[in-house]
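Because only heavy atoms are used, hydrogens play no part in the values below, and waters and symmetry mates are left out as well, while side chains stay in. Proteins get letters first, then strands, A, B, ... in listed order; numbering begins at 1 in each. Note that the structure is a prediction, hence the values are computed from the model and not measured.
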There are 2 protein chains.
Amino acid sequence: MISILIADDHTMFVDGIESILKTESDVQVIGRCYDGLSILPFIKEKQPDILLLDVNLPGKNGIEVCKELNSKYPAVNVLAISMFNEESYVTEILNNGAKGYILKNTGREELLLAIKTVNSGKTYFSKEVTNTIMKGLMNSRKNGSKKTSFFPKISRREKEVLQLIVEEHTTQEIADKLFISLKTVESHRSSLLSKLNARNTAGLVRITLENKLLD
Amino acid sequence: MISILIADDHTMFVDGIESILKTESDVQVIGRCYDGLSILPFIKEKQPDILLLDVNLPGKNGIEVCKELNSKYPAVNVLAISMFNEESYVTEILNNGAKGYILKNTGREELLLAIKTVNSGKTYFSKEVTNTIMKGLMNSRKNGSKKTSFFPKISRREKEVLQLIVEEHTTQEIADKLFISLKTVESHRSSLLSKLNARNTAGLVRITLENKLLD
DNA sequence: TAATAAATGGGGGTTTTCCCCTAGCCTATA
DNA sequence: TATAGGCTAGGGGAAAACCCCCATTTATTA
């Protein structure tokens, strides 16, 4: 019997998965979490074999949860689930100890297969995810270190500037808001461009939103 | 017996809803669609009592489907489902004939209630959605017509330009790619700024991504 | 403590974006 | 057959963004 904890903020989704798993005699759902914060307390009490973990969770996101879990409860196998087939998500959560990654558009059969595979200690990725990873690897090989798609740390001040850029403020407005000189903001802008590997403001905003770089 | 067609591109989600509904004796799922294009052909053949319709569908989005459905098959009651509690989505799909709107984070009980309510010809909105609409109404009253946040249609050419802007291309590059003059691209940019109510490129990109304006 | 990173800001430049105007041509549709 | 909207494109100018260069001060951390 495989015991499972489901963590996803969409109730309907959780109910759905539970309904699917109910028909399986060798799988049992022992808990549900609707945000990131309640996962660790639950696992402290009951240790499930598998955590079905949504990557985008309110409270504390799936990647952080996975990281903590991996160091404190390595026995729990994490199967990540996400709406998005984004290379950055996949890579990051795998680097933090997830054993598998499937998309929310995979069907019942594949879900069961993924659970059983991960439970046996192996890793499982859906086809689409595998393709994404492969593409990513190929790109990073091509470009050397140009677009390994991980970003250097963005400093506190840079983040503030970035936030205001995304909110459509001009450099002058940002300078006024932060009580610093135009030149300083320009300097932050330019390091943001270089850190995020963007060509212009459009890229800055796109990369920021696509990678949820702001709180 | 209420017959239901589920339209959502996430297989797992569709399976989930189906599992939930399977236990109900007076509800029957008679079909599944995984994109917007296959909905109308299906309905032409078999007319379900209710269409559970995801707002964000590939191929043809929920709003368009709803519009067409409303004129061709008004007997089919549409219950919209969405991840997002976005005022713009809610208002727009309701204006196009949906009878109800629930979020994907609503549970099994509420789903069943929503289905039965909509089937009886009444409308159903989850609490969160109701709140959003009320807030929206209050805001639109406050600001007059400033940010009712609806976007006029973006034309085919504008979409192409927008896509290339988001991909970090400059106006000159876009002109070269589309084999049109710099001035024409500038003219498209400017109508995009005005249509999307953006102040600059940053806003253009943010609004585009936040509202998934591109395929 | 010495090296590193962050935050600040200046000079001086080019490129890009944004804004105002105008205007012809085409197509769908009321 | 008008009227509207979409696509095209020009002139000319102001504002903003982007690109080098550089320097000082202040934290942080190895």
Side-chain angles (χ1 to χ4, degrees), chain A residues 145-147 150-209 213-215, chain B residues 60 63-64 67-68 71-72 92 96 146-147 150-209 213-215:
Chain A
S145 66
K146 196 190 163 195
K147 216 177 182 183
F150 265 4
F151 308 118
K153 260 183 209 160
I154 299 169
S155 73
R156 174 197 121 257
R157 206 49 158 173
E158 283 163 357
K159 224 177 210 176
E160 291 174 352
V161 171
L162 188 54
Q163 173 83 52
L164 291 168
I165 291 173
V166 172
E167 288 171 4
E168 303 182 39
H169 295 289
T170 66
T171 304
Q172 185 60 62
E173 287 169 358
I174 296 171
D176 294 344
K177 266 182 191 284
L178 300 181
F179 303 106
I180 54 181
S181 129
L182 184 81
K183 273 297 179 181
T184 307
V185 179
E186 275 188 342
S187 146
H188 289 310
R189 279 194 98 116
S190 125
S191 48
L192 281 167
L193 284 174
S194 121
K195 281 189 182 176
L196 300 189
N197 217 286
R199 292 182 62 195
N200 50 31
T201 304
L204 232 44
V205 175
R206 183 180 54 76
I207 293 165
T208 302
L209 296 182
L213 261 31
L214 300 172
D215 326 308
Chain B
K60 185 190 272 187
I63 289 154
E64 289 171 63
K67 198 173 182 178
E68 255 184 277
S71 64
K72 291 188 187 160
E92 196 163 12
N96 284 296
K146 196 189 163 198
K147 217 179 181 180
F150 258 2
F151 309 121
K153 259 182 207 158
I154 299 167
S155 74
R156 172 196 124 257
R157 207 49 157 173
E158 282 164 357
K159 223 175 211 176
E160 290 174 354
V161 170
L162 188 53
Q163 173 82 53
L164 292 168
I165 291 173
V166 172
E167 288 171 5
E168 304 182 37
H169 296 288
T170 67
T171 303
Q172 185 59 63
E173 287 169 358
I174 296 170
D176 294 345
K177 268 183 189 284
L178 300 182
F179 304 105
I180 55 182
S181 132
L182 183 79
K183 273 297 179 181
T184 306
V185 179
E186 276 187 343
S187 147
H188 289 311
R189 279 193 97 116
S190 129
S191 48
L192 282 166
L193 285 174
S194 124
K195 282 187 182 176
L196 301 189
N197 217 285
R199 291 182 63 195
N200 50 32
T201 304
L204 231 44
V205 176
R206 183 181 52 76
I207 292 165
T208 302
L209 297 182
L213 260 29
L214 301 173
D215 327 307

Using the test salt bridge (charged side-chain N to carboxylate O under 4.0 Å, His left out), find all partners of A:Arg189 that sit at least two apart in sequence or belong to another chain.
none

Partner residues of A:Gln163 under the side chain to side chain donor-acceptor pair (under 3.5 Å) criterion, sequence neighbours left out
A:Glu167

Could you pull out the protein-nucleic contacts involving nucleotides 16-22 of chain D (nitrogen or oxygen on both sides, under 3.5 Å)?
{"from": "D:dA17", "atom 1": "OP2", "to": "A:Thr171", "atom 2": "N", "distance (Å)": "2.7"}
{"from": "D:dA17", "atom 1": "OP2", "to": "A:Thr171", "atom 2": "OG1", "distance (Å)": "2.7"}
{"from": "D:dA17", "atom 1": "O3'", "to": "A:Thr201", "atom 2": "OG1", "distance (Å)": "3.4"}
{"from": "D:dC18", "atom 1": "OP1", "to": "A:Thr201", "atom 2": "N", "distance (Å)": "2.6"}
{"from": "D:dC18", "atom 1": "OP1", "to": "A:Thr201", "atom 2": "OG1", "distance (Å)": "3.1"}
{"from": "D:dC18", "atom 1": "OP2", "to": "A:Arg189", "atom 2": "NE", "distance (Å)": "3.3"}
{"from": "D:dC18", "atom 1": "OP2", "to": "A:Thr201", "atom 2": "OG1", "distance (Å)": "3.1"}
{"from": "D:dC18", "atom 1": "N4", "to": "A:Glu186", "atom 2": "OE2", "distance (Å)": "2.9"}

Quick one, A:Leu164 and A:Val185 - any side-chain contact, counting heavy atoms below 4.5 Å?
no

Excluding sequence neighbours, so at least two apart, what forms side-chain contact (heavy atoms from CB on, under 4.5 Å) with A:Leu193?
A:Ala198, A:Leu204

Go through the structure and list residues passing side-chain contact (heavy atoms from CB on, under 4.5 Å) with A:Leu182, not counting sequence neighbours.
A:Thr171, A:Gln172

Just so I know, are the side chains of B:Thr208 and A:Arg206 near enough to count as touching, which here means a heavy-atom distance under 4.5 Å?
no

Name the nucleic acid region contacted by A:Ser187, choosing base, sugar-phosphate or nothing; use a 4.0 angstrom heavy-atom cut-off, strictly under.
base

Measure the shortest side-chain to side-chain distance between A:Glu160 and A:Arg156 over non-hydrogen atoms and say whether it is less than 4.5 angstrom.
yes

Just how far, in rounded Å, is P of D:dG6 from NE2 of B:His188?
11 Å

What is the distance from atom OG1 of A:Thr184 to atom CZ of A:Arg157, rounded to the nearest 0.5 Å?
9.0 Å

Shortest non-hydrogen pair, A:Leu196 vs A:Ile207, comes out as O-CD1, 3.2 Å

Show me the pairs that pass salt bridge (Lys or Arg N to Asp or Glu O under 4.0 Å) and involve residues 171-187 of chain B, at least two apart or across chains.
A:Arg199-B:Glu173, B:Lys183-B:Glu186

Heavy atoms of B:Ala202 and A:Ile165 approach each other most closely as CB-O, 3.3 Å

Residues in side-chain contact (heavy atoms from CB on, under 4.5 Å) contact with B:Glu158, at least two apart in sequence or another chain
B:Ile154, B:Ser155, B:His188, B:Ser191, B:Leu192, B:Lys195

Quick one: how far along DNA chain C does chain A reach, first to last nucleotide 5' to 3', anything under 4.0 Å to a heavy atom?
C:dA6 to C:dG12

Can you tell me if B:Thr184 touches the phosphate of D:dA9, counting only side-chain N or O atoms and a distance under 4.0 Å to OP1 or OP2?
yes

Report all interatomic pairs (protein N or O, nucleotide N or O of nucleotides 28-30 of chain D) with separations under 3.5 Å.
none

Give me the bend of the helix from C:dT1-D:dA30 to C:dA30-D:dT1, using the axes of the five pairs at each end, rounded to 10°.
60°

